[in-house]
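Every number for a ligand or one of its atoms is a count from 1 in the order of the listing.
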Amino acid sequence: MEQKARTSRRNPRVVVITSGKGGVGKTTTTANVGLSLARLGFSVVTVDADVGLRNLDLLLGLENRVNYTLVEVMNGDCRLDQALVRDKRWSNFELLCISKPRSKLPLGFGGKALVWLVESLKSRQEGCPDFILIDCPAGIDAGFITAITPANEAVLVTTPDITSLRDADRVVGLLECDGIRDIKMIVNRVRTDMIKGEDMMSVLDVQEMLGLALLGVIPEDTEVIRSTNRGYPLVLNKPPTLAGLAFEQAAWRLVEQDSMKAVMMEEEPKKRGFFSFFGG
Ligand code: ADP
Ligand code: MG
């Protein structure tokens, strides 16, 4: 794919990918939006801030290359560039894990470590990245606070079900309290067949409930699970898949600071005359 001409920027866009509820697609979004941005020519650093259930490395197929994490950098055991794992397919894409599953940063210290990380990336020799994407852990405890601390924008991932929406609403409140006003949402695992049968909330309903700008709508797609298990991100699939294309479009909108409109789902065409709408 064509590399977009880039002017070196001094401030990266630091975006946290969050949700509240686990298993709704944060890591999938981070991997696929991140790689889409890299393919558009932006330099991207993804940060796996999910210390307990680290799996961004697996989704990206980079798990064998993570030797050091931010904890080792903080402890002086290695340099930052040694902890950054550069993708072999897209050299402008890097991954950093905060810690190994059992070696946590001291409680309350994580946020400062991430602020340090962003500052270090800004001033590094090879240039400041265009995007830093932070894959947030589930829940709203210390790990969540760590992940949102350096962010100035958020992408909220939700599925169209009531438990995910309740958590999302809570998270929006917390993000706003933290001063993050630029919050866009991705509605994931959408099934048009279920929405039509009124067994699933529509994207329009979700948007009305959360009142956020819509960055993307990702369909439920078995290819997502297949790509997760293969460690080969969806957006690299050839031929493209529906969910992969939806993630690519979301990445574009993120670049353009754009959003999309949710539309009312068309009902099955009924054999009714025009005047029947008016009770005729
Ligand atoms: P989180 O990071 O929020 O915990 P993940 O990104 O790890 O969530 O996704 C959880 C599971 O859901 C994974 O097994 C993933 O393959 C699956 N999944 C995510 N999005 C979709 C989708 N659009 N269609 C089908 N499966 C999906
Ligand atoms: Mg995750």
Side-chain angles (χ1 to χ4, degrees), residues 15-36 46-63 66 69 95-101 110 133-144 146-148 151 154-161 163-172 175 183-195 200-203 206 210 214-237 240-251:
V15 186
V16 62
I17 320 289
T18 183
S19 69
K21 190 165 183 268
V24 297
K26 293 178 292 295
T27 304
T28 307
T29 301
T30 310
N32 286 292
V33 169
L35 267 175
S36 298
T46 49
V47 179
D48 190 344
D50 197 343
V51 284
L53 299 162
R54 194 180 97 186
N55 52 16
L56 183 57
D57 54 339
L58 282 176
L59 252 75
L60 292 165
L62 296 174
E63 69 276 14
V66 181
T69 67
L95 166 72
L96 176 76
C97 296
I98 285 201
S99 72
K100 297 202 168 121
L133 303 185
I134 304 170
D135 182 17
C136 187
I140 47 173
D141 52 16
F144 168 80
T146 295
I148 71 169
V155 171
L156 189 91
V157 183
T158 184
T159 50
D161 64 85
T163 51
S164 169
L165 282 169
R166 181 189 282 168
D167 288 0
D169 193 43
R170 183 90 196 279
V171 162
V172 171
L175 290 169
I183 310 169
K184 295 191 180 78
M185 68 170 179
I186 283 187
V187 186
N188 189 24
R189 308 197 79 153
V190 172
R191 287 185 54 177
T192 17
D193 53 335
M194 287 183 73
I195 296 174
M200 186 181 262
M201 236 178 275
S202 75
V203 177
V206 172
L210 292 178
L214 189 58
L215 190 66
V217 177
I218 318 294
E220 172 79 27
D221 186 343
T222 48
E223 284 300 323
V224 176
I225 298 158
R226 202 170 292 158
S227 83
T228 303
N229 293 334
R230 276 191 309 163
Y232 191 80
L234 206 63
V235 291
L236 301 180
N237 261 22
T241 61
L242 213 52
L245 291 173
F247 276 122
E248 277 188 79
Q249 289 188 62

Write out the residue and atom name of the closest protein heavy atom to [atom], then the distance separating them to 0.1 Å.
atom	result
atom 16 (O) of ligand 1	T228 OG1, 3.0 Å
atom 4 (O) of ligand 1	G23 N, 2.8 Å
atom 20 (N) of ligand 1	N188 ND2, 2.9 Å
atom 24 (N) of ligand 1	D221 N, 3.0 Å
atom 17 (C) of ligand 1	R189 NH1, 3.6 Å
atom 7 (O) of ligand 1	T27 CB, 4.0 Å
atom 22 (C) of ligand 1	V224 CG2, 3.5 Å

task: Decide side-chain contact (heavy atoms from CB on, under 4.5 Å) for V66 and L95; before the verdict, give the C-alpha distance in whole Å, the side-chain angles of both, and the deciding distance to 0.1 Å.
output: CA-CA 9 Å; V66 181; L95 166 72; 4.3 Å; yes
message: Which residues pass the salt bridge (Lys or Arg N to Asp or Glu O under 4.0 Å) test with K184, not counting sequence neighbours?
response: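 Result, salt bridge (Lys or Arg N to Asp or Glu O under 4.0 Å) vs K184: D182.
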Kindly confirm or rule out an N or O of [X] lying under 3.5 angstrom from an N or O of ligand 1.
X	value
G22	no
K21	no
G25	yes
T28	yes
D135	no

query: For atom 13 (C) of ligand 1, is some protein heavy-atom partner under 4.0 Å away?
result: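 So far as the 4.0 Å threshold goes, atom 13 (C) of ligand 1 is out of reach of every protein heavy atom.
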query: Hey, mind stepping through T163 and D167 against side-chain contact (heavy atoms from CB on, under 4.5 Å) and telling me if it holds?
result: CA-CA 6 Å; T163 51; D167 288 0; 5.8 Å; no
Taking all atoms of both residues into account, what is the closest heavy-atom pair of [X] and [Y], and its distance?
X	Y	result
G34	L133	CA-CD1, 3.5 Å
A246	V217	CB-O, 3.4 Å
P233	L35	CG-CD1, 3.2 Å
M200	R189	CE-O, 3.6 Å

message: Would L214 and M185 count as a side-chain contact (heavy atoms from CB on, under 4.5 Å) here? Give the steps.
response: CA-CA 5 Å; L214 189 58; M185 68 170 179; 3.9 Å; yes
message: Exactly one of D169, L215, T18 should register a side-chain contact (heavy atoms from CB on, under 4.5 Å) with L156. Which one does?
response: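 Result: among D169, L215, T18, T18 is the only option passing the side-chain contact (heavy atoms from CB on, under 4.5 Å) with L156.
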Matching residue for V24 among T159, I186, T158, V187 - test: side-chain contact (heavy atoms from CB on, under 4.5 Å):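 Single pass found, and it is T159.
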- prompt: Nearest non-hydrogen atom to atom 1 (P) of ligand 1 belongs to which of K26, E223, E220?
  reply: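 Heavy atom nearest to atom 1 (P) of ligand 1 belongs to K26.
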field: I17 side chain near V157 side chain, heavy-atom distance below 4.5 Å
entry: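 Yes, at least one pair of side-chain atoms sits under 4.5 Å.
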field: ligand 1 contact by P219, heavy-atom criterion under 4.0 angstrom
entry: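 True for this residue.
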message: Any donor-acceptor pair under 3.5 Å linking the side-chain atoms of K21 with those of S164?
response: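 Short answer, no.
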- prompt: Would a distance-only check, ignoring hydrogens and angles, find a side-chain to backbone donor-acceptor pair under 3.5 Å from N32 to F247?
  reply: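 No, N32 side chain to F247 backbone: no donor-acceptor pair under 3.5 Å.
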- request: For the Mg ion (ligand 2), report each protein N, O or S atom nearer than 2.8 Å, sorted by chain and then by residue number.
  value: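 Those protein N, O or S atoms (cut-off: under 2.8 Å from the Mg ion (ligand 2)) are T27 OG1.
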